[in-house]
Amino acid sequence: MVAAPQFFGIIPPTTTPFDANGDIIFDPFKTQIRFMLDAGVHGICVGGSSAEGHTLEMSELQALLETAAETLNGKAPLIAGVIINSTRQAVDRCKMAAKAGSVALQVTPPHYVFRPSDDAIVDHFKAIAGESGLPVLIYNVVPWCYLSPTLLIRIMKDVPGVIGVKQSNGDLKLLADLLQEVPEGKLVFTAVDALLYPSFALGAHGTIAANPAAAPAAVVKLWDLVQAGNHVEALALHRKLLTFWNALICDDLPACIKYAQSLQGVPLALPRAPMRMPDEARKRRIADAFAGLDVPFKMAA
């Protein structure tokens with residue numbers, strides 16, 4: 001099992017490039033991973049919500065993870081995103097992810113509308129961690145199955161294989177409460193794109209979120225500025241990233257991330273239906289906000 005301290009900093013989630021038939025295109029996927037590595041990221045997450053992971057068949061997720069592991073070639077840790085409802089399905093996917101080269105898991109609670117009890121959720125993550133043999137980050141994003149700081153801390157204490165949480169609620173106090181009470185050695189990542197700077201300043205161990213996927217070099221710079229204690233420049237960059245996020249966030253978010261990546265040399269690919277590409281007005285807004293980041297970055301050939 002990989003030790004928790006290995007995971008820190010900027011871990012962007014990949015998008016999944018699809019063609020017009022909804023099939024995965026693997027060459028642009030490899031280019032995207034190289035683009036993220038060139039930007040200086042500290043890890044990669046494949047199969048999360050930005051990757052339209054809820055639409056992926058297990059064989060598709062396996063192929064993406066194997067391709068990512070080969071492309072990364074040990075240069076950064078690979079985290080597998082798992083978005084599935086039943087414990088049995090989650091365990092199967094997580095075992096597959098371990099064989100495909102992942103070194104950790106990012107797993108949502110069950111995302112269907114009926115919420116299991118707290119005890120059932122504890123057992124869910126106990127089964128995943130125990131049977132996969134990989135460290136688990138809880139992806140705390142499902143609105144009707146949202147895990148309170150108290151429950152998250154209980155899981156982290158009761159299930160040694162759960163190494164932390166990716167906190168997605170926009171309430172900064174929830175993140176502060178988690179950071180205040182988190183057991184020693186456990187991790188709290190932020191997925192609140194509008195609040196990356198204050199999250200880092202509070203001591204979040206890193207981020208797995210959409211902005212790092214759409215503008216990784218800028219978010220790596222923000223992380224570095226906060227770690228160096230340069231809060232004047234960090235706050236100025238935060239304001240630019242907030243403008244960028246406000247341009248990016250709308251319906252069909254993964255498609256908007258793909259468009260932002262295309263501005264930096266990643267081949268533009270389609271989302272999977274029913275998602276659609278952004279319209280021309282949204283593209284102009286994203287392009288203008290990206291230009292305003294003023295973080296020089298050119299993808300290596």
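Remember, predicted model here, so these are calculated numbers, not experimental data. For the single chain, residues carry numbers from 1 onward in sequence order.
- Relative orientation of the Phe200 and Trp223 rings is perpendicular, given thresholds of 30° and 60° on the angle between their planes.
- Contacts of Gln227 classified as side chain to side chain donor-acceptor pair (under 3.5 Å), with partners at least two apart in sequence or in another chain: none.
- Under a 4.0 Å N-O distance rule, the pair Glu60/Arg272 qualifies as a salt bridge.
- Looking at every heavy atom in both residues, Ala68 comes nearest to Val46 through CB-CG2, 3.9 Å.
- Closest of all the heavy-atom pairs between Ile257 and Ser50 is CD1-OG, 3.6 Å.
- Follow the hydrophobic side-chain contacts under 4.5 Å out from Tyr146 and you never reach Val122; the two are in separate clusters.
- The side-chain hydrogen bond (donor to acceptor under 3.5 Å, both in side chains) analysis of residues 61-70, with sequence neighbours excluded, yields the pairs Gln62-Glu66.
- Criterion: ILVMFWY side-chain heavy atoms under 4.5 Å apart, direct or through other members. Under it, Val295 and Leu248 are part of a common hydrophobic cluster.
- Not one N or O on the side chain of Asp252 forms a donor-acceptor pair closer than 3.5 Å with the backbone of Met277.
- Contacts of Asp279 classified as salt bridge (Lys or Arg N to Asp or Glu O under 4.0 Å), with partners at least two apart in sequence or in another chain: none.
- Remark: Asn230 pairs with Glu233 by the side chain to side chain donor-acceptor pair (under 3.5 Å) rule, at least two apart or across chains.
- A donor-acceptor pair under 3.5 Å is absent between the side-chain atoms of Trp144 and the main chain of Arg115, judged by distance alone.
- A side chain to side chain donor-acceptor pair (under 3.5 Å) with Gln32 is found for exactly one of Gln264, Gln261, Lys258, namely Gln261.
- The 12-atom threshold is not exceeded at CD of Gln180, counting heavy atoms of other residues, nucleotides or ligands nearer than 6.0 Å.
- Hydrophobic clustering keeps Leu174 apart from Leu172 (ILVMFWY residues linked when any side-chain heavy atoms are closer than 4.5 Å, directly or through intermediates).
- Nearest approach of Gly292 to Lys240, heavy atoms of both residues: O-CD, 3.3 Å.
- Side-chain heavy atoms closer than 4.5 Å link hydrophobic residues (I, L, V, M, F, W, Y) into clusters, and following such links, possibly through other members, connects Val182 to Phe125.
- Counting only heavy atoms from C-beta outward, the side chains of Ile155 and Leu147 approach each other to under 4.5 Å.
- Of the residues listed (Asn140, Ile138, Leu137), the one engaging Phe189 in a side chain to side chain contact (heavy atoms under 4.5 Å, CB included) is Leu137, and it is the only one.
- Under the 4.0 Å criterion applied to side-chain N and carboxylate O atoms, Lys173 and Asp177 are assigned as salt-bridge partners.
- Glu181 pairs by the salt bridge (Lys or Arg N to Asp or Glu O under 4.0 Å) definition with nothing, not counting sequence neighbours.
- Among residues at least two apart or in separate chains, there is no side-chain hydrogen bond (donor to acceptor under 3.5 Å, both in side chains) pair with a member in residues 202-213.
- Leu222 and Leu235 end up in the same hydrophobic cluster when Ile, Leu, Val, Met, Phe, Trp and Tyr side chains are linked at under 4.5 Å.
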